[in-house]
Asks: 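Please see the structure below; I have some questions.
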Amino acid sequence: MKMTTKTLTIGLLITLPLGIFAQTGYEIAKAMDEKKSPADMKSEMTMTLTNKQGKTRESIIRSISADDSRKQIIWFLSPADDKGVAFLKIEHADKDDEMRLWLPAFKKVRRISSKKKADSFMGSDMSYEDMTSRELDEYTYEILGEKKVDGIDCHILESTPKEGVTRTYKRFVTYVSKSDLIPVLDEAYDTRDQLLKRREMKYSKQKGYDLPTEIFVENVQKDHNTRLIFSSLEVDTGVEADLFQEKNLKRIPK
Amino acid sequence: MKKLFTLILFLGLFPLSILAQLNISGELTPSAMLRVSDGSLIDLPFRLGKISVGYAYGDFELKTVTALETRWENPEFSEDMLQFREAYLLWYPSFGEVKLGKMIHAWGAADANNPTDNLSPYDYYYMFLAGTDRKLGSMSFTAKTYVSDFQIELIALPKFKANRFPLNEPDFPIQIPVPEDAHYFYPEDELEFGARIQYAMGIGDLSASYFKGNDRSFSPAGLNIDLAPLLMGGAPVFTSHLTYRKTDVIGLDAVIFPGNWTLRGEFAYFSTKTPDIDYAMSKFTYDAEYLQSVIQVEYAFPNTVQFMAQFISNKTQKLESTLVKDDNLNMLQAMVQDTSMHALDLYRALLASKLPQGPQPFSAGMGTPFAMIADQVIILSSAVTLFDNSLELSGMLMVNLDETGYMTNIASSYSIKEGLNLDTTLSYFIGEDEEDNRFKQLEDFSNLSLGLSYNF
């Protein structure tokens, strides 16, 4: 069964307060996974990359996702040299995921490997793996304790890929809001078990969902960060399944 | 006139922008090429900039791309400077997409060197550019539909368009041997059509294509000899005739992802024949089959280093070339047969230059442009981005496996500020000391290219 913890994708992070009293790490993760999520989501975001010298590069991107972000299209609206570039991702349960890039200058939809998950997405601190869903049953979970993050009482949940599951991270430590069962802080450790990325998420309530308003991803080893600020967010708009086709990569929606 | 019509169409639709979604983008790309040998300027045209305008209205979209071409030395100010590269209408019905107008196409799985990509002619002035910048738009109609994991595309091109070659350009490295007075027979049957089907598998994509069209590059069609001047004591007048062969292309391309590698491959089988030309002359006819392929391997290392290797091959499988002589040629050959008559030496030399002994040379009129300079080529390239994507460095080595020759290319693109890049490329050619070695001919073209690109 395909399940996700709904964390850390660009469009994503959606949960409902179910009030489940979770005893084990797995139960917390399962409760997060089972939270009702929007059928689809449309958003426009400003993505700001900042390097260690403080130099910034800003992009505006539009995203439409569905099926718990297993299907997603992202269009770059700016800067001018990236305008029109678009990315399509379709996660499959029974075969390799599909990832395609539309490069207007080449007039080609280029299929890219879904195995190169560690590659940076458009120079950001998010990798392709960060943009795909985490499968609930591919990890083991352990509660490491409790802590307040920005005044929110959180479980500290450790997720480790099971043996045989290839991931670019050795483990995650996620601070999960006890009341809303949403991740507010997530730390990703590299294969040497060194902290690689730190992710902070902020939410607002809309239509009963906890929807992201801001995601901040910091690569602590490179001293580089990416901030995503959601300027518009619509959910359950009835996105049709055939939107996630190559032809729509070439067509920036209004 | 056509350009004027396009301009009127463009301006006429402008009021729609009030209701439609208007997208305007463009780039300014002043650049110059300097010879490595002496620092002198290579006088070839370049595109100073281009502007893309798109109007989207419901399921319809109009796209235009206009470029401005000029040159540093002796720029000629004419309407040819303004190039309407594309102007087409798109319709996105529920089943797929439909396009009509002047546009550039791209088929194939590999990068840049695509044997299966024969829809759009190439602009040889811009062969060292990437993407669609090195192609020309042509009138076409395409329809594409998406059914489950399949994509099916049909295309028709009603108006023939040939490659643009730099003829009589002293600074272009490869001189194409076309007599100034050559006469071209353009295809009578201009309609070209094709189809492509792509299947998305879990492990990659597999595509098959078919295209029936006319060669994009010309080939010899015949030789006309006017013997009348002989009566006045003059030399016979030779006129070379060129034409574009009819060619069928069956293509197969695929991309798969074994492990952490990406493998892209393309194979194309070409069957080509000289068309019947109803004109009194000695005629060259070709009936040939050739195969072109490209195998591309990619690997992405950590730390943004990308590696790519391509092996390109062009192989003639069958070649039947004939010369059907007319009476004038027979007569002249009979005249010059007697080598003791030195008075005929001039005619003999003229005839030899126009009609070399042995089989007529054959070259591919379609397929990857590299087939023009070599039959077997390996390209190795690598790129890395540094300083938070502010600087991109890339290197390329092309090795001609047929006759010793190399091309190396080191390029950098530095982001001065958002949208503004400084591009520098050093290209160096080395060829063995043989007269016909293409890379030897390219040696003097070794150059340093400097350019700015500003996107807006």
Side-chain angles (χ1 to χ4, degrees), chain A residues 49-53 55-59 77-84 90 92-100 103-120 122-125 166 168 190 219 222-225 240 242 244-248 250-254, chain B residues 21 23 25-27 52 54 56 59 61 90 92 94-97 103-109 111-112 120 130-133 135 144-146 151 198 200-205 255-262 264 298-300 302 304 385 387-390 415 418-421 453-456:
Chain A
L49 315 182
T50 307
N51 70 10
K52 58 184 166 191
Q53 283 84 35
K55 191 179 168 190
T56 61
R57 178 179 166 86
E58 195 174 280
S59 305
L77 310 183
S78 78
D81 46 357
D82 285 340
K83 189 177 179 180
I90 302 173
H92 294 288
D94 53 345
K95 57 182 181 180
D96 286 354
D97 298 344
E98 265 182 78
M99 288 186 182
R100 294 176 192 272
L103 302 166
F106 292 82
K107 280 210 170 190
K108 263 192 181 174
V109 175
R110 190 177 157 86
R111 184 158 178 181
I112 56 174
S113 172
S114 60
K115 292 168 191 162
K116 293 187 212 167
K117 293 191 167 170
D119 287 5
S120 160
M122 298 298 285
S124 76
D125 294 283
T166 310
T168 54
D190 65 15
N219 185 319
K222 287 186 179 171
D223 197 9
H224 192 280
N225 67 64
E240 291 180 14
D242 67 2
F244 301 96
Q245 285 183 340
E246 267 192 41
K247 68 169 182 174
N248 291 311
K250 305 167 194 173
R251 191 183 180 198
I252 300 173
K254 279 187 189 176
Chain B
Q21 186 184 9
N23 285 304
S25 60
E27 58 181 359
S52 305
D59 287 334
E61 199 170 349
L90 282 116
Y92 293 102
S94 57
F95 62 81
E97 57 187 276
M103 68 192 103
I104 293 170
H105 304 275
W107 276 7
D111 293 331
S120 301
T132 56
D133 280 337
K135 289 182 180 176
K144 197 172 186 178
T145 188
Y146 299 78
Q151 285 178 34
Q198 180 178 308
M201 305 174 290
I203 55 162
D205 289 345
V255 53
I256 54 169
F257 306 101
N260 288 322
W261 296 79
T262 298
R264 299 177 198 273
E298 296 163 37
Y299 189 83
T304 72
T385 50
F387 309 121
D388 293 317
N389 298 319
S390 297
S415 172
E418 194 168 298
L420 180 63
N421 290 336
S453 62
Y454 175 66
N455 291 274
F456 57 92

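By convention in this document, chain letters (A, B, ...) are assigned in the order of the sequence lines, proteins followed by strands, and residues within each chain are numbered from 1.
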Asks: How would you list, by chain and number, every residue that makes a salt bridge (Lys or Arg N to Asp or Glu O under 4.0 Å) with Lys250(A), sequence neighbours excluded?
Replies: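 Salt bridge (Lys or Arg N to Asp or Glu O under 4.0 Å) check on Lys250(A) returns Glu97(B).
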Asks: Could you tell me which portion of Ser453(B) (side chain, backbone, both or neither) has an atom closer than 4.5 angstrom to a non-hydrogen atom of chain A?
Replies: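 No part of it gets close to chain A.
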Asks: Would you mind telling me which of Tyr92(B), Trp107(B), Phe456(B) has the largest number of heavy-atom pairs within less than 4.5 Å of chain A?
Replies: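 The answer is Tyr92(B).
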Asks: Sort Thr262(B) into side chain, backbone, both or neither according to what part of it lies under 4.5 angstrom from a heavy atom of chain A.
Replies: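 When you check distances to chain A, only side chain atoms of Thr262(B) fall under 4.5 Å.
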Asks: If we define contacts as heavy-atom pairs under 4.5 Å, which of Gly419(B), Gly96(B), Ser52(B) has the most with chain A?
Replies: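 Counting heavy-atom pairs under 4.5 Å, the top option is Gly96(B).
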Asks: Test Arg110(A) against Asp111(B) for salt bridge (Lys or Arg N to Asp or Glu O under 4.0 Å), laying out the working first.
Replies: CA-CA 9 Å; Arg110(A) 190 177 157 86; Asp111(B) 293 331; 2.6 Å; yes
Asks: Measuring heavy-atom distances to chain A, does Lys144(B) have an atom under 4.5 Å in its side chain, in its backbone, in both, or in neither?
Replies: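 Lys144(B) touches chain A through side-chain heavy atoms alone.
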Asks: With a 4.5 angstrom heavy-atom cut-off, which part of Glu298(B) approaches chain A: side chain, backbone, both or neither?
Replies: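 Answer is side chain: those atoms of Glu298(B) sit under 4.5 Å from chain A.
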Asks: Salt bridge or not between Lys222(A) and Asp190(A)? Use side-chain N to carboxylate O under 4.0 Å.
Replies: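 Result for this pair is no, no salt bridge flagged.
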Asks: Measuring heavy-atom distances to chain B, does Glu240(A) have an atom under 4.5 Å in its side chain, in its backbone, in both, or in neither?
Replies: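 It is neither, since no heavy atom gets under 4.5 Å.
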Asks: Against chain B, label Lys247(A) side chain, backbone, both or neither, depending on which of its atoms sit under 4.5 Å from a heavy atom there.
Replies: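 For Lys247(A), the contact with chain B is made by backbone and side chain together.
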Asks: Can you confirm whether more than 12 heavy atoms, excluding those of Tyr454(B), are under 6.0 Å from its OH atom?
Replies: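 No, not enclosed.
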Asks: Quick check: are there more than 12 heavy atoms from other residues, nucleotides or ligands sitting under 6.0 Å from CZ of Phe95(B)?
Replies: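 Count over threshold, so yes.
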Asks: Could I get the full list of side chain to side chain contact (heavy atoms under 4.5 Å, CB included) partners for Asp205(B), not counting sequence neighbours?
Replies: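 Only Arg100(A), Arg111(A), Gln198(B), Ala200(B), Val255(B) meet the side chain to side chain contact (heavy atoms under 4.5 Å, CB included) criterion with Asp205(B).
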Asks: Can you tell which of Glu98(A), Lys95(A), Lys107(A) has the highest number of heavy-atom pairs within less than 4.5 Å of chain B?
Replies: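 Highest number of heavy-atom pairs under 4.5 Å: Lys107(A).
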Asks: Is it the case that the side chain of Ser120(A) and the backbone of Asp125(A) share a donor-acceptor pair, with hydrogens and angles ignored and the cut-off at 3.5 Å?
Replies: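 Between the backbone of Asp125(A) and the side chain of Ser120(A) there is no qualifying donor-acceptor contact (under 3.5 Å).
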Asks: For the interface with chain A, which of Lys135(B), Glu61(B), Met201(B) has the highest count of heavy-atom pairs at distances below 4.5 Å?
Replies: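 Most heavy-atom pairs within the cutoff with chain A belong to Met201(B).
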Asks: Which of the residues Asp242(A), Asp96(A), Asp82(A) is involved in the greatest number of heavy-atom pairs with chain B at under 4.5 angstrom?
Replies: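 Most heavy-atom pairs under 4.5 Å with chain B: Asp96(A).
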Asks: Find the one option among Glu58(A), Arg251(A), Gln53(A), Lys55(A) whose heavy-atom pairs under 4.5 Å with chain B are most numerous.
Replies: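 Heavy-atom pair counts peak at Arg251(A).
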Asks: In this structure, are over 12 heavy atoms from other groups packed under 6.0 Å from Lys52(A) atom NZ?
Replies: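 No.
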Asks: Against chain A, work out which of Ser415(B), Gly108(B), Ala112(B) has the most heavy-atom pairs shorter than 4.5 Å and name it.
Replies: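 Top count of heavy-atom pairs under 4.5 Å with chain A: Gly108(B).
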Asks: One pair to check against side chain to side chain contact (heavy atoms under 4.5 Å, CB included): Ile112(A) and Met99(A). What are the steps and the verdict?
Replies: CA-CA 6 Å; Ile112(A) 56 174; Met99(A) 288 186 182; 3.6 Å; yes
